[in-house]
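Side chains are part of it too, since the values below use all heavy atoms of this structure and drop only hydrogens, waters and symmetry mates. In what follows, every chain begins at residue 1, and chains take the letters A, B, ... in the order their sequences are listed.
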Amino acid sequence: MKLLPQEIAHSVDAAIRAAQAAGDLPAFDVPEVKISAPKRAEQADYAASIAMQLAKPAGMPPPRIAEIIVKHLKAPKTIGSVEVVAGYINFNLSDDWLRGLVETLINDGADGAVIDVGAGKRAQVEFVSANPTGPLHIGRSRGAMVGDAMARVLQAAGYAVEREYYFNNAGQQMNNLARSMRYRYYQALGLSPLPEDCDERGEPYYKGAYLIDYAETLKAERGDSLKGADLPPFKQFAEERMFAMIKATLNRVDIHHDIFFNENSLYDSGEVWRTLEALDARGYIYKASVPEVDNTKGEKDEDAPEAGKAEATWFRSSRFGDEKDRVVVKSTGDATYTLPDIAYHVNKLDRGFDVCVNVLGADHFKQAQVVQHGLRALDRDPSKVHVIFVQMVRLVKDGEIMKSSTRAGNFETLDDLIDETSADAVRYNLMARSADSQMNFDLDLAVKQSNENPVYYIQYAYVRCAGIFREAALRGVTDVGADLSLLGEAELRFLRRAAQLPDVIEASARQFEPHQIAFYALELANLFHPIFDTVRVLHSEVPPEVAAARLRFFRAAQTVFKRLLNMMGMTAPETM
RNA sequence: GCCCCCGUAGCUCAGUGGAUAGAGCAGUGGUUUCCUAAACCAUGUGCGCGGGUUCGAUUCCCGCCGGGGGCACCA
């Protein structure tokens, strides 16, 4: 489909230049023409406020400028009428073109690209990326829904999209998981846990009950043969189990990653240390016990290095505006998380993606900045990496904010949430808000309102269409060869808004804001339901040829709703 | 101390340098011989405060106030 605002903007720009050439407008630099849809749909389908902007450079009142522009305007054939109101140039879509849109929407279908802004480009969306140390909790869930919806929107915008899950299996967290696994295994065997597997209170690091179950499985599979064994078999067993669990959960909300990329592979391939060498070769690395540049002020005294402490390896991130340099290799010789993270992003960009989207929690802001500095230091283009920072989700239950911690084992998991509501409700509620906005997820409300939700309101629009087609088939009514000129004002009202589908997808993709789709879907459903109630198809007083046209219209509407539901990762049920 | 996000209707949240700031939920009152009432119709004195830029600011800038997150030789 076409991006109408773009088309209109070009014609307005051309008209201004033509007016200047003809001497109707004085010479001045023509600013970018912005076309927007007015808030109030009855005012116009699209409007330009360019005449107001030109009042000063042109030295004329806006209405006069608008009239001059319109005089020179060669409007696209999608436009039925142009009028000047209070200095605005208002554009209305032609009714004939809108009726033709019915066929366009049906032919475009519910999957695949709607527009071609991403044609020939590759996009990658990295999301979830939770370390496999336990079930997915709701904090990660938001990023999961946002990331997958983002991927779907980019696909609709024409990009070839890959979904990636990055996980860290080289660090302390996974060792703690392995120790906790061994702790529970010893327990299952009726033995006392090893002292090194206990935290300061003699408990396992990860306290989740799932490890107790897995210990039983491990005991059943291996008996006591692992008694006295080192950590690796426990780590491997736990990691496999955790991933099976995470994938099963994600499958419930129809999220499937193309690539699972693990940190260990960056060590195996040597990329981590090559990254360090590359940084060093460019003069961004030094050894010291304290940073050379540290402009941070405040209460950091407790972390002040002790005299004579061994030297760490630092990255001069301050060269790129960071307030202090960052450690990339600890004095122990181990890399911090930062180094493999930079290596990972170099790896990603070198795979040739035109755009990489990372969905991260807001608490990763600083880390993401350091990675950007690292990419710049290594002559990669950081602007190709766009990070969606997802603000925190706070769980509210019984009017109180719940603290969640994976290690305490009392979290609300994504699985719990799906069980309490539904996969569709979870997907919608977690992706339908701006990532920038912190959200309260009221569990009681989510359960209570699950029958009065926008989720069902949108799905019901699809279901009602499906109902007509079932009944039409029984009565032998078809939309084949429908005469679309028989469509009325109500249908055109819906089609006017549906014509903005490409605009919404373009904006959602360009601004990396999948929630725009959710609001658009709700608005369309809002337009749809009243129309459905008044525009009858299978009614004794509706002439057959009108019925056919309306049926065709509802097929287009159904297709649009299916596409919107697809983009949000929601199901389109035939009945409810 | 510094950096980032947020502050819009009773609640949860959209939104925009421009024409009368919107949705859902909750509340109240109505609607069904015909494609599912998970629907429709009616009902709304709100952009945290103070400056600035602009023809025009809820939107951009600065300063406050309030909420959240970050400023590790953790990942």
Sugar-phosphate only, base, or nothing, as touched by A:T575 at under 4.0 Å among non-hydrogen atoms: base

Rounded to whole Å, how long is the line connecting atom CD of A:E32 with atom P of B:G17? 12 Å

Atom CD of A:E523 to atom P of B:A23: distance rounded to whole Å? 8 Å

B:C73 base to A:T336 side chain: any donor-acceptor pair below 3.5 Å? no

Side-chain donor/acceptor of A:E263 to base of B:A75, under 3.5 Å: no

Is A:R536 close enough to B:C35 that one of its side-chain N or O atoms is under 4.0 Å from OP1 or OP2 there? yes

Under the rule of Watson-Crick or G-U wobble with both distances under 3.5 Å, where | means paired to another strand and [ ] a crossing pair, RNA chain B maps to (((((((..((((....[...)))).(((((.......)))))....(((((..]....))))))))))))....

Are A:V371 and A:T338 close enough that some pair of their side-chain heavy atoms sits under 4.5 Å apart? no

Does A:K324 make a side-chain N or O approach to OP1 or OP2 of B:A72 shorter than 4.0 Å? yes

Any N/O pairs under 3.5 Å between the protein and nucleotides 40-47 of chain B? List them or say none.
residue	atom	partner	partner atom	Å
B:C40	OP1	A:Y457	OH	2.5
B:C40	O4'	A:D533	OD2	2.7

Ignoring hydrogens and angles, answer whether the base of B:A75 and the side-chain atoms of A:N175 contain a donor-acceptor pair closer than 3.5 Å. no

Check: A:H373 ring centroid to A:F315 ring centroid under 6.0 Å: no

Where along residues 54-63 of chain A does a heavy atom come under 4.0 Å from RNA chain B, residue by residue in number order? A:K56

With a 6.0 Å cut-off on ring centres, are A:F167 and A:F261 close enough? no

